[in-house]
Amino acid sequence: MQNGTTLNQFLIEERRRLGGTDSDLPALINDIAVACKRLSYVISQGALVGVLGSAGSENVQGETQKKLDVLSNDIMIEAAQRGGYLAGMASEEMDDLYPIPAEYPKGKYLLMFDPLDGSSNIDVNISVGTIFSVLRCPEGVTNPAVADFMQPGTQQVCAGYALYGPSTLLVLTTGHGVNCFTLDHNVGEFVLTQPNMRIPEDTREFAINASNARFWEKPVKRYVDECVAGKEGPRKENFNMRWVASMVAEVHRILTRGGIFMYPRDTKDPSKAGKLRLMYEANPMSFIVEQAGGASSTGRERIQEVPPTGLHQRVAVILGSKNEVERVVAYHKEG
Ligand code: AHG
Ligand code: MN
Ligand code: MN
């Protein structure tokens with residue numbers, strides 16, 4: 001009988017294969033995985049345990065928080081703060097960074113996360129997820145300040161997401177490819193099910209919120225118009241469109257069968273560079289996508305090279321199949 005490789009076995013074997021000695025990162029990933037398992041359970045119970053609906057509060061970005069936004073934030077903090085692997089955390093749902101409480105040992109990593117991505121979908125039972133990114137805390141710093149988190153995405157040592165869909169999945173990179181694990185609810189373990197995920201370089205599927213079309217910049221409008229024109233247009237091929245409104249679900253589709261996902265800069269609110277957050281949405285997803293052979297850009301620069309200026313900074317996101325992302329970037333260059 002083939003039992004499959006558990007997440008823990010995978011992390012130990014990967015460390016051995018790479019000749020690594022750090023046991024803190026695998027242990028931190030395991031703590032994060034525990035939080036994702038707990039969340040998977042709570043989300044699956046939904047209305048039965050009264051977790052759907054609004055929390056009646058707003059986050060720092062002025063978005064209404066769902067009960068599950070708040071709960072998932074608490075679950076992640078509780079699971080990750082005790083191990084002694086972290087010096088601090090930051091989350092989409094907390095105004096300021098979260099220092100590790102004095103009663104717990106401090107570690108060498110920083111954790112940034114979006115505890116519940118796609119939360120507008122939670123009440124209608126559509127897939128949601130958790131996104132996370134791990135940075136190294138600067139040498140000698142035990143009480144990190146916001147400035148210590150302001151590292152470009154290229155500095156990430158690990159990124160991943162959990163997808164709470166028909167199955168619960170954990171997709172992970174530590175900079176050595178991308179691997180997907182499926183939660184076996186019977187034994188409570190994530191089991192390796194899609195090793196070494198690769199994004200096809202070409203695609204005929206795009207994802208964008210078309211209700212923003214009137215605010216798009218010229219290069220994005222041109223790209224989408226050409227896709228929609230299909231066989232009769234300049235691309236001479238028909239394209240398909242998807243929009244789940246859960247970035248985790250969109251990225252997972254792209255990792256599975258290719259595609260391009262865009263939440264570009266637009267003219268809707270000139271004070272915002274995009275909708276998605278650099279530190280806990282764009283950077284981790286870019287790391288994963290690039291590790292799987294895809295590309296990611298703001299249209300003007302590689303996302304992982306964007307210099308961070310704030311925890312909740314927003315950024316334009318164009319990611320997925322390499323050749324299509326490069327085409328959109330080329331359209332931006334042409335103006
Ligand atoms: P969050 O639920 O963490 O605020 O993120 C939602 C994001 C992302 O998951 C999705 O791609 C996008 O917002 C959906 O935006 P629209 O509401 O414009 O569809
Ligand atoms: Mn999100
Ligand atoms: Mn969120």
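Every number for a ligand or one of its atoms is a count from 1 in the order of the listing.
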May I ask whether [X] places a heavy atom under 4.0 Å from ligand 1?
| X | result |
| --- | --- |
| Val244 | no |
| Glu250 | no |
| Gln61 | no |
| Leu276 | yes |

Can you tell which part of Phe261 has a heavy atom less than 4.0 Å from ligand 1: side chain, backbone, both or neither?
->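 Just the side chain.
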Cut-off 3.5 Å, side chains only: do [X] and [Y] have a donor facing an acceptor?
| X | Y | answer |
| --- | --- | --- |
| Thr130 | Tyr164 | yes |
| Glu13 | Thr5 | no |
| Asn73 | Tyr98 | no |
| Tyr280 | Asp117 | no |

Would a line drawn from the ring center of Trp243 to the ring center of Phe261 be shorter than 6.0 Å?
->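 Aromatic pair counts; centres sit under 6.0 Å.
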Considering heavy atoms of the protein only, find what lies nearest to atom 18 (O) of ligand 1 and give residue, atom and distance to 0.1 Å.
->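 Protein heavy atom with the smallest distance to atom 18 (O) of ligand 1: Tyr263 OH, 2.5 Å.
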Heavy-atom nearest neighbour in the protein, as seen from atom 19 (O) of ligand 1, with distance rounded to 0.1 Å = Trp243 NE1, 2.9 Å
Salt-bridged, Lys66 to Asp123, with N to O below 4.0 Å?
-> yes
Minimum side-chain heavy-atom gap [X]-[Y] below 4.5 Å:
| X | Y | value |
| --- | --- | --- |
| Ile208 | Trp216 | yes |
| Arg257 | Glu205 | yes |
| Pro26 | Glu14 | no |
| Ile77 | Met94 | yes |

Show your reasoning for whether side-chain contact (heavy atoms from CB on, under 4.5 Å) applies to Tyr85 and Leu111.
-> CA-CA 10 Å; Tyr85 320 119; Leu111 176 64; over 6 Å; no
To which of Glu92, Lys275, Lys66 does the heavy atom nearest atom 14 (C) of ligand 1 belong?
->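 Closest candidate by heavy-atom distance is Lys275.
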If you measure from atom 5 (O) of ligand 1 to every heavy atom of Asn59, Asp117, Asn212, which option wins on shortest distance?
->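 The residue whose heavy atom sits nearest atom 5 (O) of ligand 1 is Asp117.
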Numbered atoms of ligand 1 (with element) below 4.0 Å of [X], judged on heavy atoms:
| X | value |
| --- | --- |
| Ser246 | 9 (O) |
| Asp114 | 3 (O) |
| Asn209 | 16 (P), 18 (O), 19 (O) |
| Leu116 | 2 (O), 3 (O) |
| Glu281 | 3 (O), 5 (O) |

[X] N/O to ligand 1 N/O under 3.5 Å:
| X | answer |
| --- | --- |
| Ser119 | yes |
| Gly118 | yes |
| Ser120 | no |
| Met247 | yes |
| Arg277 | yes |

side-chain hydrogen bond (donor to acceptor under 3.5 Å, both in side chains) partners of residues 178-192, not counting sequence neighbours, each pair once =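 Checked against side-chain hydrogen bond (donor to acceptor under 3.5 Å, both in side chains) - neighbours excluded - the pairs reaching residues 178-192 are Thr182-Thr193.
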Any chance you could lay out the salt bridge (charged side-chain N to carboxylate O under 4.0 Å, His left out) test for Arg235 and Glu324, step after step, and finish with the verdict?
-> CA-CA 11 Å; Arg235 302 292 305 269; Glu324 292 300 301; 2.6 Å; yes
Minimum-distance atom from the Mn ion (ligand 2) among N, O or S atoms of Glu281 =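 The closest N, O or S atom of Glu281 to the Mn ion (ligand 2) is OE2.
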Arg222 and side chain to side chain donor-acceptor pair (under 3.5 Å): which partner among Glu334, His332, Glu217?
-> Glu334
Out of Glu92, Glu93, Gln65, His312, which one pairs with Asn59 under the side chain to side chain donor-acceptor pair (under 3.5 Å) rule?
->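 Only one option passes, and that is Glu93.
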Tell me the protein N, O or S atoms under 2.8 Å from the Mn ion (ligand 3), in chain and number order.
-> Glu92 OE2, Asp114 OD1, Leu116 O
Given side-chain contact (heavy atoms from CB on, under 4.5 Å), test Leu28 with Phe132 step by step and report yes or no.
-> CA-CA 12 Å; Leu28 171 62; Phe132 60 91; over 6 Å; no
